[in-house]
Amino acid sequence: MNDQFPQHAPLTQFPVQENCLQIGGIPLIWLAQRVGVTPFYAYDRQKITERIALLRQHLPVDVLLHYAMKANPMPAVVQHLASLVDGIDVASTGEMKVALDTIISAESISFAGPGKKPHELSCAIAAGIVLNAESELEIELIAQLGEQLGVAPKVAIRVNPEFELKSSGMKMGGGPKPFGIDAENVPEVLMRIGKLGLHFVGFHIFCGSQNLNAIAICEAHTKIFQLGIRLADHAPSPIRLLNIGGGFGVPYFPGEKALNLAVIGENLQNLMSDLQQQLPETRIALELGRYLVAEAGIYVCRILERKQSRGQVYLITDGGLHHHLAASGNLGQVVRKNYPVIIGNKVQGSDTEIVSVVGPLCTPLDVIAERMRMTKASAGDLVVVLQSGAYGLTASPTAFLNHPLPMEVLV
Ligand SMILES: *Cc1c(COP(=O)(O)O)cnc(C)c1O
């Protein structure tokens, strides 16, 4: 339908049977019965497995695949991913605890993020995980704590490069940043690390999130490899790991297309061949969050009421921004755009209409879909927000208006 309401590219990751979306092989209506309440998040185990397989198919075999678990920290999801990836990146001691409960070994877990407290650092040092140091002060603190504990902490330096990741949704490197140590100061810091007797692991360079431009990602990777090789000259010991960050995007909005992995894989293959010559002991890790889980997840809520106001139809649901801030457009969007939203138990139908889907919160910000074309629906039907497996519940203000927490299931 080509009207003034922009259409999303068709999303086909979940099969439809008898007009009902299937997730994990279960018709949505049954899954809702099984869960027992709405709203809920459902994550499809098989889709996560397939996503890792797709990446392995396109990436050079010797690239390590890490999961940045802040994208979706549900323990069952992390456990499933732990059987498929080579490492986990955590950003808090809460996440560290979940990661340490998996089969991933401590030395393949890394801890990033500014403002790590002494207590958090000691826990991580005792666990034997890699600390991605974000500042000079943090390195001094790590050394002191290591001395107290009688071990040499494993440390990587998070580098704030001089370049930015072009066309990324959220920039995390380049220019002044709270993350990492400015590249120009790294040689001096490396000398200090040698003197402090820390166990130096390598570099962590991550510049931005939600990027759908394969060429821009390739350019960033090329610059990251160059920077890593240049800085390695100053290191007290060979670079064992160069963590090149995450940031692979997924399509959310009309006009967006899936990332071209083949282009990224080919570029990485070339870069790896060069690296082999210059730094034969260095391994490369990609730490992906969103790309591994976003498309495997849905958010499901139930229509409570169908209401008309001055000619506009509102579907009022039991779900909203308190569970899914990103879909409401309030997580970093400048201009609000609709996530792909469908009626999960009436996926297709010739009887469509333009509706707005809203939640139960007393604020005009509580919007799930604004003036979108959907199958005609009524109270009791299930609204599904697709592409919801990453930065969904974990990035939402669940205490706002104090409604109950939604359920989460991995099927
Ligand atoms: C959030 C984060 C990631 C993952 O980013 P995605 O865009 O979800 O791939 C990777 N590394 C670090 C340090 C992060 O903070």
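All of these numbers come straight from a predicted model, not from anything done at the bench. Read the numbers this way: they start at 1 and go in the same order the structure lists the ligands and their atoms.
Scanning both residues, Met74 and Asn72, for their nearest heavy atoms gives N-OD1, 3.0 Å.
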Steps toward side chain to side chain contact (heavy atoms under 4.5 Å, CB included) verdict (Leu275, Phe225): CA-CA 8 Å; Leu275 187 78; Phe225 273 66; 4.1 Å; yes
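Interface of His204 with ligand 1, defined as ligand atoms under 4.0 Å from a residue heavy atom, comprises 13 (C). Applying the 4.0 Å criterion to heavy atoms of Arg290 picks out, from ligand 1, the atoms 6 (P), 8 (O), 9 (O). Using a 4.0 Å cut-off to heavy atoms of Tyr391, the atoms of ligand 1 that qualify are 1 (C), 4 (C), 5 (O), 6 (P), 8 (O). Within the listing of ligand 1, atoms 1 (C), 2 (C), 3 (C), 14 (C), 15 (O) sit less than 4.0 angstrom from a heavy atom of Lys70.
The part of Ala68 lying near ligand 1 is the side chain, judged by heavy-atom distances below 4.0 Å. By the criterion of a heavy-atom distance under 4.0 Å, neither the backbone nor the side chain of Tyr291 is placed next to ligand 1.
At a threshold of 4.5 Å between non-hydrogen side-chain atoms, the residues Ser388 and His324 count as touching. For the pair Val250/Tyr252, a side-chain contact is recorded, criterion being any heavy-atom separation below 4.5 Å from C-beta on.
Tested against Gln13, the residues Lys47, Gln387, Glu50 include a single side-chain hydrogen bond (donor to acceptor under 3.5 Å, both in side chains) partner, Gln387.
In terms of N/O distances under 3.5 Å, ligand 1 is approached by Gly289. Residue Arg158 places no N or O, backbone or side chain, under 3.5 Å from any N or O of ligand 1. By the 3.5 Å distance cut-off applied to N or O atoms, Ser209 is counted among the residues near ligand 1.
At least one heavy atom of Gly247 sits closer than 4.0 Å to an atom of ligand 1.
The side-chain tip of Arg158 does not point at the ring of Phe206 from less than 6.0 angstrom away and within 45° of straight on.
Defined by atom type and a distance below 3.5 Å, a donor-acceptor pair is missing between the side-chain atoms of Ser108 and His66.
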